[in-house]
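Since the structure comes first, as C-alpha cells, the remarks are kept for the end.
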Amino acid sequence: MAYDIAGKRVYVAGHKGMVGSAIVRRLAEENCEVLTADRSVDLREQAAVRDWYAQNRPDAVVVAAAKVGGILANDTYPADFLYDNLMIEANLIDAAYRQDVEKLLFLGSSCIYPKMAPQPIPEDALLTGPLEPTNEWYAIAKIAGIKLCQAYRRQYGCDYISAMPTNLYGPGDNFDLASSHVLPALIRKAHEAKEAGADSIEIWGTGSPRREFLHVDDLADGSVFLLKSYSGEGHVNLGSGKDIPIIELAEMVCEVVGFEGEITKDTSKPDGTPRKLMSGEKLAEMGWKPKISLREGIADAYRAFLDGERKC
Ligand code: GFB
C-alpha cells in the first residue's frame with residue numbers, strides 16, 4: 001500500500017494558493033523533487049496541461065488547484081465555481097493518466113456531503129441526499145473529482161486517491177471580505193475594528209451554524225501522509241474532529257486579535273449549511289491526527305495577516 005516518494009518528482013498543482021503552498025512547504029521535508037507550473041499554464045486548458053505534463057514528467061501529483069471562496073462567492077458565481085473546477089480537475093487527472101503518473105491525490109471539500117447528513121459525517125454519506133444550495137456548484141465539481149479518481153482507478157488501474165478537507169485557514173489565506181471564508185474575514189474585521197477604535201464588528205448570518213476548522217499546515221501533513229500510505233477507491237475525510245458555532249469562533253478571534261467590542265449579526269446574509277462536522281475515524285485508524293489547536297492556529301493566521309499588511 002505504501003508509496004515511496006523518495007527521489008520522485010511530485011507536481012503540486014495550485015502551489016500559489018493557501019493549500020498548495022502549504023503542501024510545497026511540507027514536501028520540502030521529504031526527499032523528493034517538487035514541481036510547480038507557473039501562472040502562464042492555464043489549468044482550465046486541456047492542451048496547456050497536457051503539454052506541461054509531457055515536458056515535466058511528474059511521478060506523482062497533488063491536485064490542490066481550485067477556484068475557491070466563501071459562502072457569498074460560491075452563491076454569486078455558480079458558473080465559475082462549477083466550470084473552472086470541473087476543467088481544472090479533469091485536465092489534471094486525465095493528463096496524469098496519459099503521462100503514466102504513478103500516484104495522484106485529489107483534494108475536495110466537506111461541502112460534497114448532503115446538507116442534512118448525519119453528524120459527524122462518515123465518508124459513505126456521499127450522494128445520500130440533497131446538497132446545501134449556496135455551494136452545490138462547487139460541491140458537484142468536487143464530487144466529479146472523486147468520481148474521476150475512482151473511474152481511472154477502475155478502468156485503468158491508476159493509483160489515484162481523494163481526500164476531503166474540512167474548512168481550512170492559515171497563512172496565505174484570502175482576506176478579501178467579499179470573497180473570503182469566515183475565519184480570515186473575522187480576523188480582518190476584528191483587526192480593523194481594533195485599529196479604528198470601533199465599538200462593534202458585524203458577522204454574517206445568525207452565528208449559530210457550526211463549522212469544523214483545520215489549519216492548513218495540518219492539512220498539508222495529512223495530505224502527504226495519505227499520498228505515502230493510502231491506496232483505495234474511497235475518499236478520506238481530513239479534518240480536526242471538532243466544530244464550533246460561528247458566534248463562538250468570532251469571540252475567539254476577537255480575543256486573539258485583542259478586540260473587545262460587541263459582535264452584531266447581519267441576518268440578511270446566508271447561514272449556509274447548519275453543521276458539517278466530518279468523522280475522522282477512517283484517517284485516525286490509519287494513524288494520523290492533527291496537531292494545531294484552533295486558538296494556536298488563529299494566532300498563527302493573525303500573524304500571517306499582519307505580515308501581509310506590512311508588505312502592502
Ligand atoms: O466560511 P464560509 O464563507 O463558508 O462561512 P461555508 C461559514 C459561516 O460563517 C456561514 C458565516 O454561516 C457564514 O454566514 N459568516 C459569518 C461569515 N461572518 C462571515 C463573514 O464575514 N464572512 C464569511 N465568509 N462568512 C464554504 C463553501 O461554505 O466553505 C465552499 O461555500 C467550501 O463550497 C468552503 O466548502 C470550505 O462553510 O458556509
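Just so you know, ligand 1 is whichever comes first in the structure, and atom 1 is the first atom listed for that ligand. These numbers come from a predicted model, not from an experiment.
Taking a cutoff of 4.0 Å between a charged side-chain nitrogen and a carboxylate oxygen, E255 and R295 qualify as a salt bridge.
With sequence neighbours left out, E192 forms a side-chain hydrogen bond (donor to acceptor under 3.5 Å, both in side chains) with R188. In this structure, the side-chain hydrogen bond (donor to acceptor under 3.5 Å, both in side chains) partners of S208, at least two apart in sequence or on a different chain, are T206. Applying the side-chain hydrogen bond (donor to acceptor under 3.5 Å, both in side chains) rule to E260 yields no partners; only residues at least two apart in sequence or on another chain are considered.
For Y97, the OH atom sits in a loose shell: 12 or fewer heavy atoms of surrounding residues, nucleotides or ligands are nearer than 6.0 Å.
Sorted by chain then number, the residues whose non-hydrogen atoms approach ligand 1 to under 4.0 Å are G69, G70, I71, N74, S109, C111, N135, Y138, N167, S180, H181, V182, A185, K189, I203, W204, P209, R211, I246, P270, D271, K276.
Using a 4.5 Å cut-off between side-chain heavy atoms of Ile, Leu, Val, Met, Phe, Trp and Tyr, with links allowed through other members, L277 and L131 fall into different hydrophobic clusters.
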